[in-house]
Amino acid sequence: MSNPKQQLPSDAVKHPNLQNLVDQMTLDEKIAQLIQLAVPFYEGAEGDGLITGPIESLGITEQTVHNSGSVLGMAGASETINVQRTHLKNNRLGIPLLMMADIVHGFKTIFPVPLAIGCSWDMELAEKSAEIAAKEASVSGVHVTYAPMVDLVRDPRWGRVVESTGEDPYLNSEFARAFVRGFQGTDLSGDMDRVAACVKHFAAYGAAEAGRDYNTVDLSDRQMREFYLPAYKAALDEGCEMVMTSFNTVDGIPATGNSKLMRKLLREEWGFDGIIISDWGAVKELIAHGIAADESEAAAKAIKAGVDIEMMTSCYVKHLSELIDNKEVDVALIDEAVLRILTLKQKLGLFDNPYRAADPEREKSVVFCEAHREAARELAVKSCVLLKNEGALPLKADRKIALIGPFASNGDVLGPWSWTGSKEDAVKLDEGLRSKMSGSLTVADGCGIETATEEQWQEALAAAQAADTIVLALGEHSDMSGEAGCRADIRLPEVQLELVRKIKSLGKPVVVVLFNGRPLDLHGVYEEADAILEAWFPGSEAGNAVADLLFGDANPEGRLTMSFPYSVGQVPVYYNAYNTGRPQGAPDAQVRYVSQYLDIPNEPLLPFGFGLGYSDFEYGDAELSSNVMTQDEPLKVTVTLTNTGSVAGVETVQLYVRDLSGEVVRPVKELKDFRKVALQPGESRKLEFEISESQLRYYHSDLVHDSDAGAFIAYIGPNSKRNTELPFKLVK
């Protein structure tokens with residue numbers, strides 16, 4: 001076991017009174033600080049179930065609740081104040097509670113889901129969305145959010161891809177930093193409009209086998225460091241206060257009981273001195289995983305691994321005292337965990353003001369205010385991705401339009417983890433379209449999300465026959481993605497595909513708007529539609545944002561951060577894959593004996609970085625400042641971009657690099673930089689990027705992070721598939 005004295009929070013030295021407080025606590029009081037309980041346990045909360053409900057199922061005492069350290073899922077200024085006030089009366093030493101909640105992509109004002117935010121490639125707006133979420137959450141009494149979720153994802157069957165920003169480690173890292181800045185600001189102690197952030201899920205949860213939630217992960221250390229760990233590290237480098245463990249195994253050991261992961265990597269190597277919290281029930285789940293025989297062993301393994309807070313199981317409070325008496329656990333481990341928890345409470349100012357920013361009157365004017373909704377609309381506009389357009393968009397406001405489909409007037413556009421958001425308050429698609437039209441709009445369901453009636457079919461066909469253009473609003477309901485929302489078949493439900501076929505048979509322009517939480521297999525839609533707008537779950541301003549794009553009041557600028565598979569049989573499919581020894585399409589490749597499918601392409605239907613708009617952009621000749629790079633002399637990459645279209649637009653220029661010969665196999669492309677460029681019609685701009693030696697470094701077989709001399713290719717263009725090649729050499 002590592003020396004716990006070396007792992008105390010750095011702030012402990014600055015605040016010796018915290019150590020004095022720890023010294024006054026009984027062992028039971030210390031251990032109770034390490035448990036996190038949900039709202040019904042607490043007196044003063046709505047649905048208070050303290051005596052007869054949850055407390056019995058966990059086998060804990062009322063006194064343990066009075067001494068507990070944090071609450072899960074509580075919000076609302078009046079309720080949090082009431083619970084905190086009651087708790088302080090019952091707590092012998094007056095130690096306040098930490099109020100924690102899942103504020104993932106908005107509090108009451110719901111922004112697009114994180115996968116959609118990723119497709120904006122806009123760090124400023126991502127940061128702004130987190131800042132607004134923090135402001136609304138804080139005034140409502142929340143102190144900590146379980147966000148950002150930065151798991152790198154490659155398998156769209158996994159429901160939780162909706163919570164990630166995509167398949168690229170560099171881009172995920174940039175978003176991780178942006179979200180932490182937004183939530184925490186630069187002065188968490190003094191800025192009452194901020195909340196502490198908790199990065200999750202540590203580590204590599206996005207690599208769950210078969211895209212199935214809670215499933216096994218088995219990766220080499222090198223793969224972990226190369227692809228999956230950078231975004232967590234970026235969040236911590238930005239000052240993220242907490243880390244949540246993942247449900248999965250890491251090298252055969254569940255993360256929540258993994259000392260190598262938590263003590264060695266997170267604490268010792270990375271120097272993280274904040275709080276580590278388990279995910280819901282993950283400590284007790286060490287038994288089901290098969291590394292603990294009972295709750296006592298689960299408690300011992302979790303605390304030794306470095307888990308400070310046990311969420312919603314009671315292994316710690318029931319067994320740590322006995323484990324300490326039997327000298328199976330060092331009491332110093334309890335002290336260090338308590339001190340970390342108290343340090344965050346002090347950093348948030350809770351000892352001076354246990355209610356922090358909770359304010360029922362200010363809450364009324366801040367939460368879901370017009371300015372916040374405007375920001376949500378702007379980000380939703382920039383997050384939608386135009387996947388196809390054969391002249392059907394933008395729509396003309398003076399024509400007859402039929403809006404058909406299960407999302408035509410559906411408020412289920414917020415997506416998973418829109419906890420306090422209201423579907424009733426969300427702007428529906430029909431409302432957004434109607435606000436812009438001078439012509440007629442006919443609305444029909446056509447079908448439900450998974451079922452249909454003959455009456456719905458007939459109503460849809462009648463509406464379509466009378467229209468000039470048909471807009472089909474299709475997708476998944478929010479429970480079909482998110483946690484426990486994994487799907488083996490990632491096509492739209494068959495009833496919606498049948499609706500597409502029926503409407504297409506009329507021979508009129510068909511525009512499809514998709515509401516969903518993952519990349520889909522679009523067969524049955526892609527070949528039938530004249531235009532497809534991927535709206536994801538756009539949030540509170542969904543209808544307005546989508547209408548802005550459909551009518552051309554805004555120009556689509558979203559770009560995919562997760563590849564859309566040609567078929568689920570390719571999954572996982574991602575742009576930064578390895579070449580293999582027998583790559584398909586190589587100059588000397590055989591016809592059959594190469595790495596390929598016999599029945600489908602290797603390539604995804606739509607690649608990472610792809611997205612269309614209403615403008616056309618032309619890339620001039622790209623140039624390198626030299627064909628040789630040295631350790632001290634970076635290369636300049638220049639390219640001239642011209643808007644050759646008739647409307648102003650934004651192009652996301654993407655720079656990739658390939659290492660042609662490494663000590664270990666390298667990806668066929670890696671994103672290194674990008675630039676969002678706004679141009680007026682006919683306007684040109686010369687862009688300059690820089691590639692330095694540090695950007696060419698990777699983890700070698702001995703886990704040394706370094707570059708290799710040799711041949712490279714830089715690529716510049718609009719996506720990971722379509723770009724210009726620029727060869728160069730690194731000389732060391």
Side-chain angles (χ1 to χ4, degrees), residues 111-112 115-126 128-129 373-399 401 427 429 432-433 435-438 469 471 473 509 511-515 529-536 538-539 541-561 564 606-619 639-654 674-685 687 717-719 722:
F111 289 85
L115 185 58
I117 294 175
C119 292
S120 74
W121 296 57
D122 193 317
M123 303 305 151
E124 289 185 9
L125 281 180
K128 184 70 174 177
S129 73
R373 294 182 64 173
E374 288 174 5
R377 181 172 181 167
E378 181 182 7
L379 185 50
V381 164
K382 292 179 184 294
S383 297
C384 296
V385 185
L386 184 60
L387 303 181
K388 181 180 180 180
N389 188 21
E390 296 182 349
L393 290 176
L395 300 173
K396 293 179 173 58
D398 60 352
R399 305 298 295 275
I401 296 174
V427 180
L429 185 54
L433 296 187
S435 70
K436 293 181 177 291
M437 290 191 62
S438 56
T469 300
V471 176
V511 174
V512 171
V513 180
L514 294 170
F515 297 90
D530 298 287
I532 302 174
L533 182 69
E534 174 56 84
W536 308 107
E541 289 293 309
N544 287 332
V546 172
D548 288 342
L549 293 165
L550 293 181
F551 286 104
D553 295 333
N555 194 340
E557 61 184 76
R559 300 293 183 264
L560 297 178
T561 56
F564 270 56
L606 300 168
F608 176 89
F610 177 84
L612 304 173
Y614 301 145
S615 305
D616 295 312
F617 293 93
E618 182 179 283
Y619 286 73
V639 67
T640 299
L641 184 71
T642 303
N643 182 349
T644 60
S646 58
V647 295
V650 175
E651 174 76 329
T652 301
V653 182
Q654 301 164 36
F674 67 93
R675 198 81 46 79
K676 295 192 71 169
V677 185
L679 296 177
Q680 294 297 317
E683 183 183 1
S684 296
R685 188 174 305 167
L687 306 175
N719 58 63
R722 186 181 138 219

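Nothing fancy with the numbering, it's 1 onward along the sequence. Keep in mind that this is a model prediction, so the values were computed, not measured.
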For residues [X] and [Y], report the shortest heavy-atom separation together with the two atoms involved.
X	Y	result
G649	N555	CA-ND2, 3.5 Å
V385	G558	CG1-O, 3.6 Å
N389	L612	N-CD1, 3.9 Å
A380	A545	CB-CB, 3.5 Å
W536	A116	CD1-CB, 3.4 Å
V427	G432	CG1-N, 4.2 Å

Which residues share a side-chain contact (heavy atoms from CB on, under 4.5 Å) with [X], sequence neighbours left out:
X	value
E683	L679, Q680, R685
S435	N544
E374	E370

ask   = What's the verdict on side chain to side chain contact (heavy atoms under 4.5 Å, CB included) for V511 and D530, showing C-alpha distance, side-chain angles and the deciding distance?
value = CA-CA 6 Å; V511 174; D530 298 287; 5.7 Å; no

[X] side chain to [Y] main-chain N or O, any donor-acceptor pair under 3.5 Å?
X	Y	value
K388	V512	no
Y614	L549	yes
S383	C119	no
T644	D616	yes
Q654	P718	yes

Counting C-beta onward and ignoring hydrogens, is there a side-chain heavy-atom pair between [X] and [Y] closer than 4.5 Å?
X	Y	answer
L641	Y619	yes
L125	F111	no
L560	L387	yes
E651	N643	no

ask   = Parallel, tilted or perpendicular: which fits the ring planes of F608 and W121, with parallel below 30° and perpendicular above 60°?
value =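 The arrangement is tilted - the two ring planes meet at 30° to 60°.
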
key: Test side chain to side chain contact (heavy atoms under 4.5 Å, CB included) applied to F515 and L429, step by step   = CA-CA 11 Å; F515 297 90; L429 185 54; 4.2 Å; yes

query = More than 12 non-hydrogen atoms from neighbouring residues, nucleotides or ligands closer than 6.0 Å to NZ on K128, yes or no?
reply =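 Result for NZ/K128: open.
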
Gap separating the CZ atom of R377 from the NZ atom of K382, nearest 0.5 angstrom =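 Answer rounded to 0.5 Å: 13.0 Å.
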
Reported CG-to-CD1 distance for the pair L606 and I532, which is rounded to 0.5 angstrom =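 Output value for this atom pair is 8.0 Å.
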
request  = Take M437 and I401 through the side chain to side chain contact (heavy atoms under 4.5 Å, CB included) test and state the conclusion after the steps.
outcome  = CA-CA 9 Å; M437 290 191 62; I401 296 174; 3.8 Å; yes

